[in-house]
There are 2 protein chains.
Amino acid sequence: MGPKAAETRTSAPRTPLTRERVLRAASDLADRDGLDALTMRALADELGVEAMSIYYHLPNKNAILDGVVELTFAEIAAEAAAQGPARADAAGWSAAVRARILGARRVLLRHPWAPVVIDQRKSFSPAMVRHVDGIVGVMRDSGMSHDLIHHSLHAIGNRVYGYVQELSDDGQAPPPGQLEQMQSFAPHLAAMLAEVAHVDPESTLGWCDDQTEFEFGLDLLLEGIERRRLAEAAERSGPADR
Amino acid sequence: MGPKAAETRTSAPRTPLTRERVLRAASDLADRDGLDALTMRALADELGVEAMSIYYHLPNKNAILDGVVELTFAEIAAEAAAQGPARADAAGWSAAVRARILGARRVLLRHPWAPVVIDQRKSFSPAMVRHVDGIVGVMRDSGMSHDLIHHSLHAIGNRVYGYVQELSDDGQAPPPGQLEQMQSFAPHLAAMLAEVAHVDPESTLGWCDDQTEFEFGLDLLLEGIERRRLAEAAERSGPADR
DNA sequence: ACCTGAACACCGTTCAAGT
DNA sequence: ACCTGAACACCGTTCAAGT
């Protein structure tokens, strides 16, 4: 408690501001007080700093939003890693995909603002791409065609978050060199995109036909419900003969 | 072009402001310039009026957002009516539901801001309730249980917009007298909610178990994809014996 | 290199005032 | 009854300035 300690305190009153620290604080703030409470001024307060200091480490608020989405997908990756390698035989693909999606959901439930941010600003982080790539890999191992995988990603992905939209719908054509670059860290996904883009080069809507994807997912649901309806009816008429 | 005409012009330079006119203009503005461009000041400009004038007809911006969602569901109802009465026999329920959902989607594609507004503010208009009620009616005619219908609504509804969430998840218990009141204009839906709430009164999460609903929808999709995978495999091994 | 303060152009909204 | 103008408390961001 001598003057030296006090001096040290005033000369290093807090850990230095970094991109990481800003993003962590932003994610925590949104978790605790909601997305609307995540303002530059409130965030600065949380960090014991003036609002404008943040701009030295991140260019603007959009960068912060992209950053916290990135953090969230890093958590999802950690969750998946904790579950161990989810490779499976042909029949087991479904359980493996299911586990990954429910894992992602567990993380997203801890960050309720994340789905909102993800699909109102079509953010697109490497961690997100790798997450999708893992799912593509599992499906590919089961022998599915890239086409079926592609439709299935739309059907499933729309359910959890809109990531597939970004991956394809927006950029009319495949982004120039981006696909080659993706090959290094998301090989399954890159292979799928290459084939899908090649197969249907003159789709009126560009890369993916939104309407087709929507109907594919809808029909999956309707067929499943119909099967359950028939099961109910059978149950009702003769539960004995089972 | 005499002085009289000019006088008439200046004494009645525009049609009077009404709730209807404000909401129409708001919807049009959002269609044209996007949701972010829908500000009180820009909306007033569009109407040839000062920003504060709007507050005489609607209490605040949230009321405007609720109002434009209401308008959108009115359009969806008109679209459904144009398709004629979509009553069907047991096996035809699926086509009837499909038609209604694709109709809703056509309208929502004209108002891309609508899904965003609907699920970031959990708005809840009578027109929306009636839309859901129509779907419940069709499913009920096919002999499905209320339980199956309930799960199915979650699975399908999440896909188009989050309306079922509002209907149930939020209010822990059924809203006091609201259910009785609903009976008059949404009888099928009211019946379903009454039975579902009764059947599972001590659900840990309140009315609906979100996790259960999520897994129901996910499994529907996974099962459907698995069937298509098997079809692909069969096609590959012996396309001749079909 | 890292942080700050004042200022700008926006927002939704309150409130007292006009006709 | 219907509309307005000034003002308030916010927002993200620019810019020149401090250390």
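Per chain, numbering begins at 1; letters A, B, ... match sequence-line order.
Closest non-hydrogen pair, A26(B) versus I64(B), comes out as CB-CG2, 3.9 Å. Smallest separation of non-hydrogen atoms from R100(A) and Q83(A): N-NE2, 4.4 Å.
In this structure, the side chain of D133(A) engages the main chain of H188(A) through a donor-acceptor pair within 3.5 Å. A donor-acceptor pair is defined here as one N or O able to donate and one able to accept, closer than 3.5 Å; no such pair exists between the side chain of R19(A) and the backbone of L58(A). A donor-acceptor pair under 3.5 Å links the side-chain atoms of S53(B) to the main chain of E50(B), judged by distance alone.
Between Y56(B) and dC2(D) there is a side-chain N or O to OP1 or OP2 distance below 4.0 Å. Between H57(B) and dA1(D), a side-chain N or O to OP1/OP2 separation shorter than 4.0 Å is absent.
Annotation: side chain of E46(A) is in contact with side chain of R32(A) (closest heavy-atom distance under 4.5 Å). Counting heavy atoms from C-beta on, the side chains of W113(A) and L108(A) never come closer than 4.5 Å. Side-chain contact between D66(B) and E70(B) is absent, with no heavy atoms from C-beta onward closer than 4.5 Å.
In DNA chain D, the stems built from three or more successive Watson-Crick or G-U pairs (distances below 3.5 Å) are C:4-8 with D:12-16, C:12-16 with D:4-8.
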Check: Quick one: what's the B/S/- string for nucleotides 12-19 of chain D, heavy-atom cutoff under 4.0 Å, read 5' to 3'?
Finding: BBB-----

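Rounded to an integer number of Å, the gap from L43(A) CG to dC11(D) P is 12 Å. Separating the CD atom of E50(A) from the C1' atom of dT4(C) is a distance of 6 Å, rounded to the nearest angstrom. One interatomic measurement links the two molecules: CG of L47(A) to C1' of dC3(C), which rounds to 13 Å at whole-angstrom precision.
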